Amino acid sequence: MSDPFTQAMELLLGDRPGREEIEEAGRLFERASAEGNSEASERCAMFEAFGMARPQSWTRALDMLALAASQGSRCAQDQLLLFNDNEVDPNPVEETDWVSLRAGIDIDARMQPGEKVALSEVPRVRTIKRFATAPECRFLIGLASERLVPATVFSDADGEQTHHQARDNSYLVMRIGEMNVLTEVIRHRISVATKLPVPLFEPSQLLHYAVGERFKPHHDFLDPANEAYRDTLSRFGQRIATFLIYLNDAYSGGETSFPAIGLNFRAETGDALFFANVTREGAPDPRTLHAGRPPLSGEKWVFSQWIRDRFPAA
Ligand SMILES: O=C(O)CCC(=O)C(=O)O
Ligand SMILES: [Fe+2]
């Protein structure tokens, strides 16, 4: 029999864990945390930040992170250091008092998105300079580096996820086992910027493009005329908005382009771009056609958040 932490991770990283599995994983993490397992405490912090099988609480999330950091979790230490000061790369030192560091954190300040600038009104496209700091971006890239898989798209034949030459980059879909308090803070910052609540968010994705890889011109909305999308549309609603954070800028090419409106967006590290995929009346807007163009040199990293218009049924 494996230890409670390993059992919990197996439950979470399985194919689409249900509510019971998530609750059981939460109990197993709490047991392992009480036994001194630092990684389990870090996972408990994520459960609190997400409000997984319990009410959401930043206070408890940070308390659990401080415990995890004291127990030796490097991931928890990095997150606390970034919440404390997001302008420097975390570099934990041995004798840090994690509980007092935690006490000085103003988590609300970490959810302020900065100023929106309009790039287009029809369709609505906005940018925010330095939405995330460079150390935050490097932390996000670090989460994905060793866990990338080839990206998929919805098949317009059967609505299932499928590989397609239209999107030949790699990515990490951040299901619950892959998330942490910092990714949840970033999602809340996006929520403040878009005025759309986090429960409408799909699992976040970390995208990676090597030289020549691209996401060909596409729409992020799902075509309601296509039968194959009926199930996902009725359960989760339309994908009304897309929010992208550019995590690095050491590449050439790699713009996000909108051919129908002549917009070619090239970001600096931490900049955000977001757009409504539907009109103000809620109809899918074909003018939102866009592409992730291939980097010509270097590699491109993006945090991508698709947002629906319906809360998933419990
Ligand atoms: O990587 C890009 O520039 C575009 C990504 C994109 O279109 C998406 O995530 O929906
Ligand atoms: Fe897209």
Side-chain angles (χ1 to χ4, degrees), residues 119-120 123-128 131-132 137 140-141 144 148-156 161-175 183 186-187 190 193-194 196 200-223 229 232 236-278 284-309:
L119 299 180
S120 161
R124 285 163 290 166
V125 184
R126 307 282 183 263
T127 182
I128 298 177
F131 175 82
C137 292
L140 293 170
I141 290 173
L148 293 170
V149 296
T152 62
V153 293
F154 269 116
S155 158
D156 54 16
Q161 289 297 311
T162 179
H163 297 293
H164 193 277
Q165 50 83 24
R167 193 187 189 195
D168 63 4
N169 64 302
S170 52
Y171 73 167
L172 171 70
V173 179
M174 307 204 67
R175 303 210 178 277
T183 58
I186 297 288
R187 282 157 59 96
I190 293 173
T194 57
L196 294 166
L200 295 174
F201 290 17
E202 292 191 30
S204 309
Q205 304 182 11
L206 287 161
L207 313 181
H208 175 261
Y209 301 80
V211 169
E213 293 178 351
R214 77 238 177 296
F215 197 164
K216 278 194 180 168
H218 64 281
H219 298 109
D220 289 341
F221 63 73
L222 299 166
D223 181 1
Y229 299 143
T232 180
F236 303 107
Q238 184 54 274
R239 220 178 243 161
I240 51 171
T242 298
F243 197 102
L244 305 174
I245 310 169
Y246 299 85
L247 301 178
N248 73 326
D249 58 12
Y251 56 88
S252 60
E255 305 89 351
T256 304
S257 65
F258 295 76
I261 55 171
L263 176 64
N264 243 330
F265 186 78
R266 178 59 161 86
E268 291 175 6
T269 300
D271 294 348
L273 181 74
F274 58 110
F275 43 98
N277 296 308
V278 296
D285 187 345
R287 290 163 298 196
T288 58
L289 186 74
H290 62 281
R293 303 187 52 168
L296 304 172
S297 65
E299 53 180 349
K300 171 184 166 191
W301 287 93
V302 180
F303 181 102
S304 171
Q305 184 63 61
W306 286 327
I307 306 176
R308 299 286 189 121
D309 66 359

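All figures in this text were calculated on a predicted structure; none of them were measured in a lab. One-based numbering, in listed order, for ligands and for the atoms of each.
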F265 to ligand 1, any heavy atom closer than 4.0 Å: no
Atoms of ligand 1, numbered as shown, that sit under 4.0 Å from any heavy atom of S304: 8 (C), 9 (O)
Short N or O distance, R167 and ligand 1, threshold 3.5 Å exclusive: no
Test item, Q205 contacting ligand 1 (heavy atom, 4.0 angstrom): no
Part of R293 with heavy atoms under 4.0 Å of ligand 1, whether side chain, backbone, both or neither: neither
Audit row: R126, L273, side-chain contact (heavy atoms from CB on, under 4.5 Å) steps and yes/no: CA-CA 6 Å; R126 307 282 183 263; L273 181 74; over 6 Å; no
Test item: side-chain donor near acceptor, T256 and R293, under 3.5 Å: no
Lys NZ or Arg CZ of R266 over Y251 ring: under 6.0 Å, within 45°: yes
Which of the ligand 1 atoms, numbered from 1, are nearer than 4.0 Å to a heavy atom of Y209: 1 (O), 2 (C), 4 (C), 5 (C)
Residue, atom name and distance, where the atom is the protein heavy atom closest to atom 6 (C) of ligand 1: F215 CD1, 3.7 Å
Contact atoms of ligand 1, heavy-atom distance to D220 under 4.0 Å: 10 (O)
F215/Y209 aromatic ring centres below 6.0 Å: no
D220, N/O/S atom nearest the Fe ion (ligand 2): OD1
Geometric N/O contact Y246 with ligand 1, under 3.5 angstrom: no
Nitrogen or oxygen atoms of E255 and ligand 1 under 3.5 Å apart: no
CA sep, side-chain torsions, deciding dist, call: H218, L289, side-chain contact (heavy atoms from CB on, under 4.5 Å): CA-CA 5 Å; H218 64 281; L289 186 74; 5.5 Å; no
Metal check, the Fe ion (ligand 2) vs H219 N/O/S, cut-off below 2.8 Å: no
Interatomic spacing from CG in L247 to NE2 in H208 - rounded to 0.5 Å: 11.0 Å
Residue that, paired with T242, satisfies side-chain contact (heavy atoms from CB on, under 4.5 Å) out of F274, F221, F275: F275
Check: F243 ring centroid to F131 ring centroid under 6.0 Å: yes
Those atoms of ligand 1 less than 4.0 Å from some heavy atom in L207: 5 (C), 9 (O)
Contacting atoms of ligand 1, where contact means under 4.0 angstrom from a heavy atom of K300: 1 (O), 2 (C), 3 (O)
Basic-acidic side-chain contact under 4.0 Å: E213, K300: no
Steps toward side-chain contact (heavy atoms from CB on, under 4.5 Å) verdict (D220, H290): CA-CA 9 Å; D220 289 341; H290 62 281; 3.2 Å; yes
Nearest-contact summary for atom 3 (O) of ligand 1 - protein heavy atom, Å: T256 OG1, 2.5 Å
